[in-house]
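Chain A is the first sequence line, chain B the second, and so forth, proteins listed ahead of strands; every chain is numbered from 1. Hydrogens, waters and symmetry mates play no part in the numbers below; they use all other heavy atoms, side chains included. Just so it is clear, the model here is predicted, and its values are computed rather than measured.
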Amino acid sequence: DVKVTQSSRYLVKRTGEKVFLECVQDMDHENMFWYRQDPGLGLRLIYFSYDVKMKEKGDIPEGYSVSREKKERFSLILESASTNQTSMYLCASSSPGLAYAYEQYFGPGTRLTVT
Amino acid sequence: AQTVTQSQPEMSVQEAETVTLSCTYDTSESDYYLFWYKQPPSRQMILVIRQEAYKQQNATENRFSVNFQKAAKSFSLKISDSQLGDAAMYFCAYRSGRGGSEKLVFGKGTKLTVNP
């Protein structure tokens with residue numbers, strides 16, 4: 001079974017802190033994604049990566065950065081956390097598919113509260 | 001840009017009955033994929049069913065089936081013989097068929113309650 005794990009289920013940080021959210025997958029997937037999930041807004045893509053050291057902005061990248069130094073690990077960084085970044089953060093991974101859309105596998109999520 | 005609309009924020013169904021969740025999407029592409037994902041309370045999101053746009057036949061997975069109407073850009077999910085374990089948030093998602101396009105566009109979700 002594919003396993004996507006996230007470093008914390010719950011996290012509480014103060015405004016202005018630098019926050020690291022870690023995601024690890026064990027299926028050798030090339031693609032990794034970070035989403036933000038808010039009630040009534042669904043999932044919105046923050047950043048994604050097709051390969052090690054590669055990253056692309058999603059729909060809401062402002063206030064976030066990412067790092068992918070190893071294939072299995074994709075980190076989301078909040079440089080200076082703000083209260084409007086309080087949310088559920090979901091990581092996902094998938095195999096690349098030119099002629100087929102492979103499913104994305106999701107982690108359990110990190111519920112971040114910024115006070 | 002593609003958009004996905006789920007017009008039912010909440011739905012409820014009696015155990016053992018059938019429920020249909022609605023999803024519409026907007027795209028100018030002819031090649032794409034559609035998905036339904038399920039997110040149970042406090043549990044990980046999992047894929048329920050997938051539909052390739054080039055396939056006319058509606059996808060089916062056990063009690064889950066879709067009604068894919070390409071011309072109408074509609075992709076509804078039917079759950080038959082509903083079970084308590086079907087209670088979850090359901091998200092409809094779109095993926096372009098263009099090579100190298102891996103992003104999913106999600107709808108806002110429908111919360112399904114199953115009443116015993």
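Within the model, atoms CD of B/Q44 and SG of A/C91 stand 10.5 Å from one another, a figure rounded to the nearest 0.5 Å. Separation of atoms CD (A/Q104) and CZ (B/F35) is listed at 8.0 Å; rounding is to 0.5 Å. A/S95 contributes atom OG, which lies 9.0 Å from atom CD of B/E102 (distance to the nearest 0.5 angstrom).
Both the backbone and the side chain of B/L104 have a heavy atom closer than 4.5 Å to some heavy atom of chain A. At a 4.5 Å heavy-atom cutoff, B/Q6 makes no contact with chain A through either its backbone or its side chain. There is no contact between A/E56 and chain B, counting heavy-atom distances below 4.5 Å. At a 4.5 Å heavy-atom cutoff, the contact between A/L45 and chain B is made by side-chain atoms alone. Of the two parts of A/R44, neither the backbone nor the side chain holds a non-hydrogen atom closer than 4.5 Å to a non-hydrogen atom of chain B. Within the 4.5 angstrom heavy-atom criterion, only side-chain atoms of B/Y37, from C-beta onward, approach chain A.
When the side chains of ILVMFWY residues are joined at heavy-atom separations under 4.5 Å, either directly or via intervening members, B/Y25 and B/L21 end up in a single hydrophobic cluster. In the hydrophobic clustering of ILVMFWY residues, with side-chain heavy atoms under 4.5 Å counting as a link, A/L76 and A/I60 come out together. Note: the hydrophobic cluster containing A/L90 does not contain A/V24 (ILVMFWY, side chain heavy atoms under 4.5 Å, direct or indirect links). The hydrophobic cluster containing B/L84 also contains B/V19, counting ILVMFWY residues as joined when their side-chain heavy atoms lie under 4.5 angstrom apart, directly or transitively. Hydrophobic clustering places A/Y89 together with A/F74 (ILVMFWY residues linked when any side-chain heavy atoms are closer than 4.5 Å, directly or through intermediates).
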Check the pair A/F48, B/K103 against side chain to side chain contact (heavy atoms under 4.5 Å, CB included), reporting the backbone distance first and the verdict last. CA-CA 8 Å; A/F48 59 103; B/K103 296 189 295 182; 3.3 Å; yes
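Side-chain contact check for B/M45 versus A/Y35: every heavy-atom pair is 4.5 Å or farther apart.
Among A/G109, A/S94, A/G107, the residue making the largest number of heavy-atom pairs under 4.5 Å with chain B is A/G107. For the set B/R43, B/M89, B/Q39, the count of heavy-atom pairs under 4.5 angstrom toward chain A peaks at B/Q39.
Annotation: B/K78, atom NZ; neighbour count of heavy atoms from other residues, nucleotides and ligands within 6.0 Å does not exceed 12. Around the NZ atom of B/K108, the shell of radius 6.0 Å holds no more than 12 heavy atoms that belong to other residues, nucleotides or ligands. Heavy atoms of other residues, nucleotides or ligands lying less than 6.0 angstrom from NZ of B/K73 number more than 12. Around the CG atom of B/N62, the shell of radius 6.0 Å holds no more than 12 heavy atoms that belong to other residues, nucleotides or ligands.
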